[in-house]
Structures are given as structure tokens and as C-alpha cells.
S.K.: 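First the structure, which I've put down as C-alpha cells, then a few questions once you've had a look.
Atoms within each ligand, like the ligands themselves, are counted from 1 in listed order. Values in this document were obtained by computation on a predicted structure and should not be read as measured data. Excluded from the calculations below are hydrogen atoms, water molecules and symmetry mates; all remaining heavy atoms, backbone and side chain alike, are included.
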Amino acid sequence: MAGSAKTSAGVYQQYINGEWVGNADGKTFSVIEPATELEMARVLEAGSADVDLAVRAARAAFDSGEWPTKTPYDRAQILFKLAAKVREQLAVLAEVEALNTGKPIIEAEGDIGAVAEVFEYYGGLATKIPGQVNPVSANALSLSLREPIGVAGLIVPWNYPLLMAAWKLGPALAAGCTIVLKPAEQTPLTSLMLAEYFEEVGLPPGVVNVINGFGESCGAPLVAHPLVDKIAFTGSTEVGKSIVKSAADTLKRVTLELGGKSPNIFFADADWEASVDGALFGIFINQGEVCSAGSRILVEKKIYSRFVEAMTEKAKTIKLGPPMDRASKMGPVVNKDQYDRVREYLAIGKTEAKLACGGGRPKEFDKGYYIQPTIFYDVDNSARISREEIFGPVATVIPFEDEGEAIRIANDTPYGLAAAVWSRDIYKAFRVVKSLRAGIVWVNHMQPTCIEAPWGGYKQSGVGRELGPWGIEEYLETKQVHINLDEQPIGWY
Ligand code: NAI
Ligand code: MG
């Protein structure tokens, strides 16, 4: 037996080498429910000694060969069982995810459903990673073999806690890697719950280890560890850059999914109702805590004033409420830090732009990190609220004259994760699509995310791609094998 996930005092432990274990120094930290500001759990805090233990367990599980040499079919079966278990536990996982992040339960249910789908997708893909025969000389057989990279450190954020973990766990497991998973310190709970299923679904000890802790004291030593071969990270651009620097010392493979300031572009000829909806959905879904949030709303001058008015009218009707209320469209933001950060930007925005609606805390809540859906307008692309990622329910509406100016403004950002364009003119829409420097471009929609399609950023929004076949590539090495077919001596002497 793997022991108990929680200590007798109810503190969540670490999952290392198939066992629930204590940490080196006994430190714990508190997990806060953002709607009530109350503690919802305590979790052991991992430091570098714990990181080392978890990495060594993953290393041993990889080097023993048990996981990487399992047949892809067997690895697939385990991923399918994990998916089935997630579906069986969907209600409880979704409730914990909603309470811990603040997101509405209907969103959390969607997230957890997607977690199961990701495991199924990569279970399916595990058996479909062929190598290649390379066209070399007639006297040789040249092969390319695809092999797992080794030990992968997975560092995930708090906005989609279990889903971001699944985007990495699915392909890493399918590829045959072993893993140390470090969830975000704000939202460790659903990853710990997932670890409670590992033994039951037949995951061998050491294949996935879960430790929790803070960026500097837990994430950084994982990135620096010489026995880790690869880091997959989702989070801030600032930390992404520090990861690249640290990983240089050991030349780890690194994939990064970072921030954005994604343009959502509306032409005058676009469907009116769909556009107004799409502008609001693009920025306010998940409280705006979305890497691909359509936070810069670019609107053609001909419709600009009317568009701001229509958005404002509708934004005022968005229902904020506690996560477990099925009527809630938006909940509180994730924690006090994020709340303070967003409120700082609200203050900055008030000096840089006109405020159409929102701009503060809704009066109806006496606690919880709630922020009103906020729309700033009459602002240009050089303002701080147009350039910096806010990661909250704050939209900046910027007018443009014509197609050329829309493209110029859209691309005038260090980021390049996502973009959307709304128009009925397919010539114009597709010209804009080709001109945008972004990893994901939607036409007449914003945010749909398909497991089968590549996800990742241009420019400072990231390195590498997740999801689809692209996602598994990031966990594979390529080995060239040259088989000599000529029995004659080389004849060199
Ligand atoms: P963060 O980038 O600091 O944290 C994300 C993850 O990285 C967490 O697991 C954290 O513990 C870990 N981490 C932090 N510092 C680290 C380090 N030095 N080495 C290794 N791992 C480290 O993001 P944070 O502080 O939670 O949020 C700040 C801003 O980052 C947000 O306001 C938002 O703009 C952006 N962000 C973007 C996300 C995205 O989906 N692209 C997700 C979360 C945050
Ligand atoms: Mg941080």
C-alpha cells in the first residue's frame, strides 16, 4: 500500500516513488479558498532535499527501464484507466478545482472533462509514434527511432490546475518519460487527488511523483537538477526566461507556454451579435485568467463607439458569484496577490484610458477576491494596460482605421500566443490571419481549444507546442541507427 495521502493532522503529503511521504523539514503551507479567503487545506512544502528525492525516484523508474520499455499498448491502457477514473471522480475533482481557483463550477466541470479527454487522446497516440527508414546508401539500413527524453519536470500554473498538468502528463507518459510534477502553490489539490489514483490504475512506483512548493524553493531546484532531462512549464514570461537561463547549465530541453496580450480584432462587416459576445467571452471567461485572453479588443472606427456601448451594456449583466453557484459566470480571482496585481492595473488604467464599466470590487461581496468585469477604451497601444499582461477581467478597447492598421497594432507586442479576427469577408479575414504573428489564430470565434491541434506561442509567448502530435514530439528524442550491410572490411588501413 502507498500509505495515506494525508497525515493524521489532515495535511496532504508528497507522492514519491509510489508512496505518500513526509518532507525533509516538516514545513507546511496553506491553501486558500478565494471566495471565502479561508484555508481549505494544508500541504507539505517541498524544498530542495524533497525535490532531489522525487527526481531520484523518477530517474530510477526511468533507468530501470520498466516504464520506457513497457509496450506503448500497455502505457496506453494505463492512460485510459486514468481517464476513466477522472471521469468517475469528475464531480468531486470539479468541486475542489472550482473552490480552489474561484472559477465557476460549470467551467471546472469542463476542465476536468477535458483532463480525461487529454489522457485518452495521448493513450491513443502512444501506439502511433512510428520511427522512420532513412534513404541512405544501398549498403546500409538507416533508421530513426523515437525514444523518450527521460525525466521530465512539469511546472504548472493555477488558472487551469489539473488541465495544465494533464496537457503535460498525457504526452510525457505516452512517450515513456518519468515525471516530477510541481503544481502551482496556490492550487495543489486536484493534482494530489490525481496521485491518489495512480496505484489503482497500475502506474508503477516512481513514474509520476508529485511535490508541492513555491517557485524559488521548489520549482527552481527542479529546473536546475542535473538528473532532469526536460522541463515543461506554463506560467509567466518572467519565470519562463529564468528557466531558460537555469536550464542552460545542464542543457535541458525546455518547453514554455507563457503570457500573452492577445488581440481580438473586429471589422465593421462582422456579425454584430456574435462579435459583441465574442469580445466579452474572449476576455472575461475564467475571470480573464487565461494565457490566451483576448485582452486587447481592436475595433474598426466605423463601429467603435457603438461596439463599446454594446459591450458595456452586456458586461454589466455578467453574473459574478460564488464558484459553486451554477448561475455564476465569473468567480473571484485566484488569490490576494493576483487581486492586488489586477487592482493595481485598474488604477493605472484609470490614468491612461476612459473607463466604460467595472473598475473595482463589486459591492455585493464583503469577502472574496472578486473584481468587476472592466472595460477601458479610448486608449492606444502604447499604454501599459495595452502592453502588459494583466491576467484578470480587464479589457482594453483600441480603435483602428483599416486592415493595415489593425495588423500593425495587433503585432505591436512582445507576445504572440493567440489572436482572433471577426469579419464576413473571407479575403480580408484570411489576409489578416496570414499577417498575424501568433501561434493560434481564430476566425469568428475566440478561445476554443482542441486537443488535436497545436497550442503554443510565437515571440515571447513561448517555446515549443503542446497538444496534438506536436505535444508528444516535445517528450521524444530521435536516435539515428546505421546498420552496415556490407561485410567487406572498411579498408582504411
Ligand atoms: P509564475 O510564473 O510565478 O508561476 C507559475 C508556476 O511556476 C508555479 O508553479 C510557480 O511555483 C512556478 N515558479 C515560480 N517561480 C519559479 C522559478 N523561479 N523556477 C521554477 N518555477 C517557478 O506565475 P504567478 O506568479 O503565479 O503569476 C504571475 C503572472 O504570471 C500572472 O499575473 C500572469 O500574468 C502570468 N501567468 C501566466 C499563466 C499562463 O497561463 N501563461 C499562468 C499563470 C500566471
Ligand atoms: Mg510568480
Side-chain angles (χ1 to χ4, degrees), residues 29 31-32 34 43 45-48 51 100-103 111 153-165 167-168 180-189 191 210-225 228 231-247 249 252 254-262 285-293 295 333-345 369 371 384-385 387-394 414-418 439-440 447 449 455-457 459-464 466:
F29 67 93
V31 178
I32 303 293
V43 173
E45 182 190 334
S48 52
V51 171
N100 193 181
T101 58
K103 70 175 70 194
D111 293 0
L154 313 182
I155 301 178
V156 300
W158 42 260
N159 54 340
Y160 292 89
L162 196 58
L163 188 56
M164 290 302 101
W167 281 21
K168 296 170 175 54
V180 176
L181 169 65
K182 193 205 90 61
E185 56 271 31
Q186 299 84 354
T187 54
L189 301 178
S191 288
V210 184
I211 53 174
N212 282 289
F214 297 87
E216 286 294 325
S217 51
C218 180
L222 180 60
V223 175
H225 204 295
V228 174
I231 293 290
F233 170 80
T234 301
S236 62
T237 297
E238 180 197 354
V239 172
K241 289 177 184 175
S242 81
I243 287 177
V244 170
K245 286 182 189 145
S246 165
D249 288 335
K252 286 183 177 63
V254 174
T255 45
L256 305 171
E257 206 264 84
L258 307 174
K261 196 74 192 177
S262 298
I285 186 77
N286 210 51
Q287 301 76 240
E289 297 166 311
V290 181
C291 51
S292 57
S295 50
V333 300
V334 72
N335 68 0
K336 176 83 166 52
D337 281 357
Q338 198 58 22
Y339 178 76
D340 290 343
R341 192 186 142 98
V342 175
R343 292 196 8 141
E344 248 179 77
Y345 278 108
Y369 305 120
I371 295 175
R384 283 188 65 191
I385 57 164
R387 302 202 73 79
E388 297 172 22
E389 182 175 52
I390 299 174
F391 223 68
V394 185
Y415 293 115
L417 184 59
I440 303 130
Q447 303 308 358
T449 304
W455 182 274
K459 301 198 278 184
Q460 293 191 29
S461 285
V463 174
E466 298 194 281

S.K.: Sequence neighbours left out, what passes side chain to side chain contact (heavy atoms under 4.5 Å, CB included) with V463? Give chain and number order.
M.R.: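 For V463, the residues satisfying side chain to side chain contact (heavy atoms under 4.5 Å, CB included) (neighbours in sequence not counted) are L256.
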S.K.: Nearest to atom 44 (C) of ligand 1 by heavy atom, F391, F214, Y345, Y160: which?
M.R.: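 Among F391, F214, Y345, Y160, the closest heavy atom to atom 44 (C) of ligand 1 belongs to F391.
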S.K.: Considering only protein heavy atoms, which is closest to atom 12 (C) of ligand 1, and at what distance to one decimal place?
M.R.: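 Ranked first by proximity to atom 12 (C) of ligand 1 is I155 CG2, 3.7 Å.
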S.K.: Purely on distance, is any nitrogen or oxygen of L258 under 3.5 Å from one on ligand 1?
M.R.: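 Yes; at least one N/O pair falls below 3.5 Å.
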S.K.: Nearest heavy atom to atom 39 (C) of ligand 1: which of C291, G215, A220 does it belong to?
M.R.: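 It is C291 that holds the nearest heavy atom.
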S.K.: Looking only at heavy atoms, which two atoms of V342 and F391 are closest? And how far apart?
M.R.: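 Looking at all heavy atoms of both residues, the closest pair is CG2-O, 4.1 Å.
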S.K.: Judged by modelled atom types alone, do T255 and K168 share a side-chain donor-acceptor pair under 3.5 Å?
M.R.: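 Absent: no donor and acceptor within the cut-off.
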S.K.: Would one find an N or O of E185, backbone or side chain, under 3.5 Å from an N or O of ligand 1?
M.R.: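 Yes: some nitrogen or oxygen of E185 is under 3.5 Å from one in ligand 1.
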S.K.: Is there a heavy atom in Q186 that sits closer than 4.0 Å to ligand 1?
M.R.: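 Yes; Q186 lies near enough to ligand 1 that a heavy-atom distance drops under 4.0 Å.
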S.K.: Under 4.0 Å, heavy atoms only, figure out whether ligand 1 is touched by the backbone of V156, its side chain, both or neither.
M.R.: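 Backbone only; the side chain of V156 stays clear of ligand 1.
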S.K.: Please state which protein non-hydrogen atom is closest to atom 24 (P) of ligand 1 and give its distance, to 0.1 Å?
M.R.: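 Closest protein heavy atom to atom 24 (P) of ligand 1: W158 NE1, 3.8 Å.
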S.K.: Considering non-hydrogen atoms only, spot the tightest contact between V254 and A247 and give its length.
M.R.: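 That would be CG2-CB, 3.5 Å.
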S.K.: Hey, which atoms in ligand 1 end up nearer than 4.0 Å to a heavy atom of K182?
M.R.: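 Numbered from 1, ligand 1 contributes 9 (O), 10 (C), 11 (O).
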S.K.: Contact between F233 and ligand 1, counting heavy atoms under 4.0 Å?
M.R.: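 Distance cut 4.0 Å: F233 passes for ligand 1.
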S.K.: For ligand 1, note which part of R341 has a heavy atom under 4.0 Å away: side chain, backbone, both or neither.
M.R.: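 Side chain only; the backbone of R341 stays clear of ligand 1.
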S.K.: Kindly say whether E466 contributes a backbone atom to a donor-acceptor pair with the side chain of E257 at under 3.5 angstrom?
M.R.: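 Looks like no, no N/O pair under 3.5 Å.
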S.K.: May I ask you to check whether G235 has an N/O atom sitting below 3.5 Å from an N/O atom of ligand 1?
M.R.: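 So ligand 1 has an N or O lying under 3.5 Å from an N or O of G235.
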S.K.: Which is closest to atom 5 (C) of ligand 1 in terms of heavy atoms, V239, L417, T234, V290?
M.R.: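 Heavy atom nearest to atom 5 (C) of ligand 1 belongs to T234.
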S.K.: Looking at atom 30 (O) of ligand 1, what's its closest protein heavy atom, distance included?
M.R.: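 Ranking protein heavy atoms by distance from atom 30 (O) of ligand 1, first comes S236 CB, 3.0 Å.
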S.K.: Just to confirm my output: which protein heavy-atom neighbour is closest to atom 20 (C) of ligand 1, and how far is it?
M.R.: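 Residue, atom and distance for the closest contact: G219 C, 3.3 Å.
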S.K.: How close does the nearest protein non-hydrogen atom get to atom 35 (C) of ligand 1, and which residue and atom is it?
M.R.: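 Atom 35 (C) of ligand 1 sits closest to the protein heavy atom E389 OE1, 3.5 Å.
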S.K.: Work out which heavy atom in G219 is nearest to a heavy atom in I155; give both atom names and the distance.
M.R.: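 Minimum heavy-atom separation between G219 and I155: O-CD1, 3.9 Å.
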S.K.: What's the shortest heavy-atom distance between I390 and Q338, and which atoms?
M.R.: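 Answer, listing the atom of I390 first, then Q338: O-NE2, 3.6 Å.
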S.K.: Considering all heavy atoms of both residues, which atom of K252 and which atom of V228 are nearest to each other, and what is their separation?
M.R.: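 Shortest heavy-atom contact: CE-O, 3.1 Å.
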S.K.: At what distance is the nearest protein heavy atom to atom 43 (C) of ligand 1, and which residue and atom is it?
M.R.: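 Checking every protein heavy atom, the shortest distance to atom 43 (C) of ligand 1 gives P157 CB, 3.5 Å.
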S.K.: Please report which non-hydrogen protein atom sits nearest to atom 18 (N) of ligand 1, along with the residue it belongs to and the distance in Å to one decimal place.
M.R.: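 Looking only at protein heavy atoms, the one closest to atom 18 (N) of ligand 1 is E216 OE2, 3.7 Å.
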S.K.: Under 3.5 Å, is there a donor-acceptor pair between the R343 and Y339 side chains?
M.R.: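 Yes.
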S.K.: Does the side chain of E388 come under 3.5 Å of the side chain of Y345 through a donor N or O and an acceptor N or O?
M.R.: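 There is such a pair (donor and acceptor under 3.5 Å, judged by atom type) between the side chains of E388 and Y345.
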S.K.: At a 4.0 Å threshold, what atoms of ligand 1 neighbour a non-hydrogen atom of N159?
M.R.: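 Checking each atom against N159, I get 40 (O), 42 (C).
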S.K.: Looking at every non-hydrogen atom in both residues, tell me the closest pair between E185 and G215 and how far apart they are.
M.R.: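 Smallest interatomic distance, heavy atoms only, reads OE2-N, 4.1 Å.
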S.K.: Listed by chain and number, what are the salt bridge (Lys or Arg N to Asp or Glu O under 4.0 Å) partners of D340, not counting sequence neighbours?
M.R.: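 By the salt bridge (Lys or Arg N to Asp or Glu O under 4.0 Å) rule, D340 matches K336.
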